[in-house]
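Take a look at the structure set out below.
Proteins get letters first, then strands, A, B, ... in listed order; numbering begins at 1 in each. Below, each value reflects all heavy atoms present in this structure, side chains not excepted, and no hydrogens, waters or symmetry copies.
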2 protein chains.
Amino acid sequence: MQMNTESFLNYIDEHITLSEDEKTFLLTKLNFRKYQKGQYVVQQGDVCRYENFVVSGCLKTFFVDNEGDEHVIMFSVENWWSADLSSFFTQTPADYNVLCLENTEVIQIGFEEIEELYINIPKLERFFRILFQNSIVAFEKRLVRNLSMTAKDRYLYFKKRYPQIEQRVPQYAIASYIGVTKEFLSKIKSQLILEQ
Amino acid sequence: MQMNTESFLNYIDEHITLSEDEKTFLLTKLNFRKYQKGQYVVQQGDVCRYENFVVSGCLKTFFVDNEGDEHVIMFSVENWWSADLSSFFTQTPADYNVLCLENTEVIQIGFEEIEELYINIPKLERFFRILFQNSIVAFEKRLVRNLSMTAKDRYLYFKKRYPQIEQRVPQYAIASYIGVTKEFLSKIKSQLILEQ
DNA sequence: AAATGATATTAATATAGATTAACTTCAAGC
DNA sequence: GCTTGAAGTTAATCTATATTAATATCATTT
């Protein structure tokens with residue numbers, strides 16, 4: 001059930017140029033997998049075995065705290081990655097869950113495979129270096145938004161920045177992502193309607 | 001005024017092994033610089049020209065919002081890095097400031113130099129890939145702490161995790177780092193004293 | 001040693017956002 | 001077509017934290 005790898009190779013092409021041989025080798029190290037809505041790609045407590053590239057669908061990465069409250073770390077739609085990186089890098093139990101909000105097709109790279117890939121295609125070190133660079137910048141900016149903006153402004157930013165995600169995921173998950181309760185997000189939205 | 005490069009090379013040694021030739025080449029691409037307490041390594045609005053490795057001293061990376069309020073993104077002491085990464089990677093004006101809280105010695109890698117280094121010593125791609133990996137994990141964890149812990153618990157975590165920093169930087173900067181006002185941090189501390 | 005300015009504390013009041021609880025909507029299953 | 005349960009809304013009350021303002025501390029400069 002080999003799914004379409006074109007989007008994945010195009011995505012890699014944006015940062016590095018691979019030869020045909022390298023592409024072929026890379027493809028042999030990938031796992032193609034389809035999940036149904038509601039299935040877990042990673043579960044808190046399990047070791048995260050793969051970095052997951054989303055071909056289609058939508059994933060929610062979240063953390064459940066001691067009080068049982070859920071905290072959304074990120075959403076991953078087409079051409080995004082998802083994993084519990086701490087668990088993956090150290091192969092220790094995950095703190096986070098990755099859940100399918102829709103039927104989702106992913107391309108997975110396993111822990112052993114990624115090391116093999118780094119060795120055989122050193123350009124991939126560059127690729128992931130750049131990927132991780134961009135990811136740090138995104139996290140840094142999100143931190144600053146959380147520290148300096150009100151909940152309302154964080155919501156407006158989210159809507160503007162990720163209009164496609166806003167339509168696809170439950171509102172309570174967006175509330176958690178921006179760091180408020182679902183009730184307060186409802187209040188923000190009704191205020192926004194009054195303001196227009 | 002070539003400063004001691006030993007700590008820097010040891011630090012790199014933790015993740016990759018460089019030949020003597022590679023080390024020599026690397027050293028030719030570095031800038032050694034001393035700043036006085038109160039000087040800026042990066043200023044909001046300027047392009048961030050360097051990634052800065054702290055040999056000695058202490059840096060504060062922060063953002064000043066439209067209301068003039070300061071938000072501390074990170075502190076960097078010995079063997080840490082500091083930069084406005086978004087500005088550095090894209091060579092566009094910085095959103096953040098990096099200020100010396102103490103007299104500080106840094107090793108700087110310039111934007112052109114880092115690219116040369118990546119080309120001539122591909123192992124450095126691996127080095128920074130690993131560095132950035134770890135950095136993402138740290139940011140992710142900080143995000144989760146900000147979303148799921150109370151201010152008091154964030155303060156206790158900070159004290160426990162960075163006891164050396166707690167002693168060296170002003171309390172109002174710690175307050176900002178954990179995401180509260182300095183007045184509220186004072187309250188937290190006086191509560192903690194009562195509790196013992 | 002007095003003056004200055006940055007840092008820190010304390011207390012009173014205000015507010016953004018949480019909590020609780022009741023109610024609504026709507027899709028999915030029986 | 002009724003039932004169920006998840007998702008979303010609304011409103012009342014509560015609380016963690018912000019704001020404001022006054023005071024205290026302490027290192028640095030004059």
Side-chain angles (χ1 to χ4, degrees), chain A residues 36-40 58 60 62 64-72 75 97 99-103 145-159 165-195, chain B residues 36-40 58 60 62 64-72 75 97 99-103 145-159 165-195:
Chain A
Q36 293 301 115
K37 176 173 176 173
Q39 284 192 296
Y40 283 83
C58 181
K60 174 179 77 171
F62 65 106
V64 179
D65 68 22
N66 296 329
E67 278 79 49
D69 291 332
E70 177 177 318
H71 303 280
V72 174
F75 301 106
N97 303 278
L99 175 72
C100 298
L101 297 184
E102 303 173 358
N103 296 343
R145 287 196 302 275
N146 282 346
L147 292 176
S148 66
M149 288 166 63
T150 63
K152 184 176 168 185
D153 288 341
R154 294 200 300 278
Y155 174 64
L156 289 172
Y157 178 88
F158 181 84
K159 267 184 70 160
I165 296 181
E166 217 258 327
Q167 305 305 317
R168 287 167 74 171
V169 307
Q171 296 299 298
Y172 71 81
I174 294 176
S176 172
Y177 178 93
I178 63 172
V180 296
T181 58
K182 61 187 195 307
E183 291 86 355
F184 193 62
L185 178 56
S186 264
K187 201 172 187 171
I188 288 171
K189 289 199 290 183
S190 64
Q191 266 174 237
L192 286 170
I193 289 166
L194 289 179
E195 280 172 21
Chain B
Q36 294 300 116
K37 177 174 176 172
Q39 284 192 296
Y40 283 82
C58 181
K60 174 180 78 172
F62 64 105
V64 178
D65 69 22
N66 295 330
E67 277 79 48
D69 291 332
E70 179 178 316
H71 303 280
V72 174
F75 301 107
N97 303 277
L99 175 71
C100 299
L101 298 184
E102 303 172 358
N103 295 342
R145 287 197 302 276
N146 283 345
L147 293 176
S148 67
M149 288 165 63
T150 64
K152 183 177 170 185
D153 288 341
R154 294 200 300 277
Y155 174 63
L156 289 172
Y157 178 88
F158 181 84
K159 267 184 70 161
I165 296 181
E166 218 257 326
Q167 305 305 318
R168 285 167 75 171
V169 307
Q171 297 299 298
Y172 71 81
I174 294 177
S176 172
Y177 178 94
I178 65 171
V180 296
T181 58
K182 60 188 196 307
E183 290 85 356
F184 193 62
L185 178 56
S186 266
K187 202 171 189 173
I188 288 171
K189 290 199 289 184
S190 63
Q191 265 175 238
L192 286 171
I193 289 166
L194 289 179
E195 278 173 24

Once base and sugar-phosphate atoms are separated, protein heavy atoms under 4.0 Å mark nucleotides 23-30 of chain C, 5' to 3', with B, S and - as --------
Can you give one letter per nucleotide of nucleotides 15-23 of chain D, 5' to 3': B if a protein heavy atom sits under 4.0 Å from the base, S if only from the sugar-phosphate, - if neither?
--BSBBB--
Looking at CG of B:L99 and NZ of B:K60, how far apart are the two atoms once the value is rounded to the nearest 0.5 Å?
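NZ of B:K60 is found 5.5 Å from CG of B:L99.
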How long is the straight-line distance from CG of B:D153 back to OG of B:S148, given to the nearest 0.5 Å?
9.0 Å
[X] side chain to [Y] main-chain N or O, any donor-acceptor pair under 3.5 Å?
X	Y	answer
B:D65	B:E67	yes
B:N103	B:Q36	no
A:R145	A:R154	no

Measure the distance from [atom1] on [X] to [atom2] on [N] and round it to the nearest whole Å.
X	N	atom1	atom2	value
A:Q171	D:dT10	CD	C1'	16 Å
A:L192	D:dG8	CG	C1'	16 Å
A:K60	D:dA6	NZ	P	13 Å
B:L101	C:dT7	CG	C1'	13 Å
A:E67	C:dA18	CD	P	14 Å
A:L147	C:dA16	CG	P	18 Å
A:Y172	C:dG17	OH	P	22 Å
A:N146	C:dA16	CG	C1'	15 Å

Write down the atom of A:S176, the atom of A:H71, and the distance for their closest heavy-atom approach.
OG-CA, 3.2 Å
Please find the pair of heavy atoms, one from A:I174 and one from A:V169, that lie closest to each other, and give the distance.
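Looking at all heavy atoms of both residues, the shortest contact is CG1-CG2, 3.5 Å.
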Before you tell me yes or no, could you show the steps for A:N97 and A:E70 under side-chain contact (heavy atoms from CB on, under 4.5 Å), namely the whole-Å CA-CA distance, both residues' side-chain angles and the distance that decides it to 0.1 Å?
CA-CA 10 Å; A:N97 303 278; A:E70 177 177 318; over 6 Å; no
Between the first and last five pairs of the helix from C:dA1-D:dT30 to C:dC30-D:dG1, the angle of the axes, rounded to 10 degrees:
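The two end axes of the helix from C:dA1-D:dT30 to C:dC30-D:dG1 meet at 40°.
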Is there a side-chain contact between B:M149 and B:Y155 in this structure, where contact means two heavy atoms from C-beta onward sitting under 4.5 Å apart?
no
Audit row: B:V180, B:I178, side-chain contact (heavy atoms from CB on, under 4.5 Å) steps and yes/no:
CA-CA 6 Å; B:V180 296; B:I178 65 171; 3.9 Å; yes
If the plane angle is over 60° it's perpendicular, under 30° parallel, otherwise tilted; pick one for B:Y177 and B:F158.
tilted
